[in-house]
Amino acid sequence: MSDRQSTKANRISSSLLRLQSTKDSSHRDPTRKQCGDNMGNLFCCVQVDQSTVAIKERFGKFDDILQPGCHCLPWFLGSQLAGHLSLRVQQLDVRCETKTKDNVFVNVVASVQYRALANQASDAFYKLSNTKGQIQAYVFDVIRASVPRLNLDDVFEQKNEIAKAVEDELEKAMSTYGYEIVQTLIVDIEPDEHVKRAMNEINAAARLRVAANEKAEAEKILQIKRAEGEAESKYLGGLGIARQRQAIVDGLRDSVLGFSENVPGTTAKDVMDMVLVTQYFDTMKEIGASSKSSAVFIPHGPGSIRDVASQIREGLLQASSVS
């Protein structure tokens, strides 16, 4: 009797070792995993991996949700493993082509992250046959209902609002099927290539216009400053000339008064004639000494000097009478 028990124990031990080897290799080969499941069913035990739940049926009817670990599955009592359901977060990228309010066709790429709920694993396993197709249909519906109400520029500005609308609609729809929408992102908005080129040209033209306005404004400021400088320069030059003439007049007056006092019998007229003659000869000297002066023909002689003095005097008297 002990020999029989020992033989039976050895058989069970070898069977368990083969089952464990099959389970370890099933992570690398799906076919071997299915074989391992079948072996597990044969020996009335099954292993459920981490982040996964298994669906247990009895005579074709849902019976229980098996959590990660090793479970007894008496197939001779009608129990069987219907399948596995992953609880990991999955991602689905959906590309949707639609038209904006200003009649521009764009491709909107939405990324949906979702996962099955452990407490509603039966709904997720039995109620949906194509989870990705269902999610894609809702994404298409929301995007094609939201984007046509916006202009192209508004689509780029309000992509977060579009993503929130997609997430709300998916959350409301997929929660009844045992799925949770973790996050929804609008990862890309791609207009037509011609539209992108036109947008770049519009942007470049706007920047060139701003640059031209800034350049014109800078030139305007330079011209204003230059004109202000010239006006200030002329004003200061006029003040200098006025002061120079005032100094000349004051000097002539002092000279006339001093000459009249120091030389008895002379009048102011005689002094002015002499000053004018002196100025005349000084002018002639400067004209002759300048190397860049042109030829000047002036009548010269004692009579001419007298005529020049009389003309200057008459001009001064006429100016005095007019003033």
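What you see below is based on every heavy atom in this structure, not just the backbone, and it leaves out hydrogens, waters and symmetry mates.
Side-chain heavy atoms closer than 4.5 Å link hydrophobic residues (I, L, V, M, F, W, Y) into clusters, and following such links, possibly through other members, connects Y138 to L92. Under a hydrophobic-cluster definition in which Ile, Leu, Val, Met, Phe, Trp and Tyr are linked whenever side-chain heavy atoms come within less than 4.5 Å, directly or via other members, F140 and I135 are assigned to the same cluster. Using a 4.5 Å cut-off between side-chain heavy atoms of Ile, Leu, Val, Met, Phe, Trp and Tyr, with links allowed through other members, V187 and V147 fall into different hydrophobic clusters.
Judged purely by atom type and a 3.5 angstrom limit, S233 has no side-chain atom pairing as donor or acceptor with the backbone of G229. Using modelled atom types, one side-chain atom of E171 and one backbone atom of I181 make a donor-acceptor pair closer than 3.5 Å. In this structure, the side chain of N151 does not engage the main chain of D153 through any donor-acceptor pair within 3.5 Å. Counting only distance, with no hydrogens or angles, the side chain of T52 and the backbone of V48 share no donor-acceptor pair below 3.5 Å.
Applying the salt bridge (Lys or Arg N to Asp or Glu O under 4.0 Å) test to D168 and every residue at least two apart in sequence or in another chain returns K164.
Interatomic distance, S122 OG to K127 NZ, rounded to the nearest 0.5 Å: 7.5 Å. The CZ atom of F156 sits 5.0 Å away from the CD1 atom of I189 when rounded to the nearest 0.5 Å. For the atom pair CG (L87) and CG (D49), the distance works out to 11.5 Å, reported to the nearest 0.5 Å. Within the model, atoms CD of E167 and OG1 of T184 stand 4.5 Å from one another, a figure rounded to the nearest 0.5 Å. Between D141 atom CG and Q136 atom CD the span is 12.5 Å, to the nearest 0.5 Å. Note that OG of S86 is 11.0 Å distant from CD of Q50, once rounded to the nearest 0.5 Å.
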Worked check of side chain to side chain contact (heavy atoms under 4.5 Å, CB included) between I55 and Y126 = CA-CA 10 Å; I55 305 300; Y126 289 105; 3.2 Å; yes
Verify side chain to side chain contact (heavy atoms under 4.5 Å, CB included) between V104 and D192, making sure each step is shown before the conclusion.
-> CA-CA 8 Å; V104 177; D192 184 74; 5.8 Å; no
Under the side chain to side chain contact (heavy atoms under 4.5 Å, CB included) rule, what do L170 and Y114 come out as? Steps first, then yes or no, please.
-> CA-CA 10 Å; L170 284 175; Y114 65 98; over 6 Å; no
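Side-chain contact check for Y179 versus L128: some heavy-atom pair is nearer than 4.5 Å. Contact of the I162 side chain with the L150 side chain is registered, since non-hydrogen atoms from C-beta on lie closer than 4.5 Å. Taking 4.5 Å as the limit, every side-chain heavy atom of V106 sits out of range of all side-chain heavy atoms of E190. Between Q120 and E180, the closest side-chain pair of non-hydrogen atoms is not below 4.5 Å. Side-chain contact check for Q91 versus D93: some heavy-atom pair is nearer than 4.5 Å. Within the 4.5 Å cutoff, the side chain of D123 has no heavy atoms near those of the Y177 side chain.
Scanning all heavy atoms of the two residues, the minimum distance from I143 to A110 falls at CD1-CB, 4.2 Å. Across all non-hydrogen atoms, the minimal contact from A124 to G178 is CB-O, 3.9 Å.
At a cut-off of 3.5 Å, with distance as the only test, no side-chain donor of R209 or N213 sits close to an acceptor on the other residue.
Counted within 6.0 Å of CZ on F59, heavy atoms from surrounding residues, nucleotides or ligands total more than 12; the atom is thus considered enclosed.
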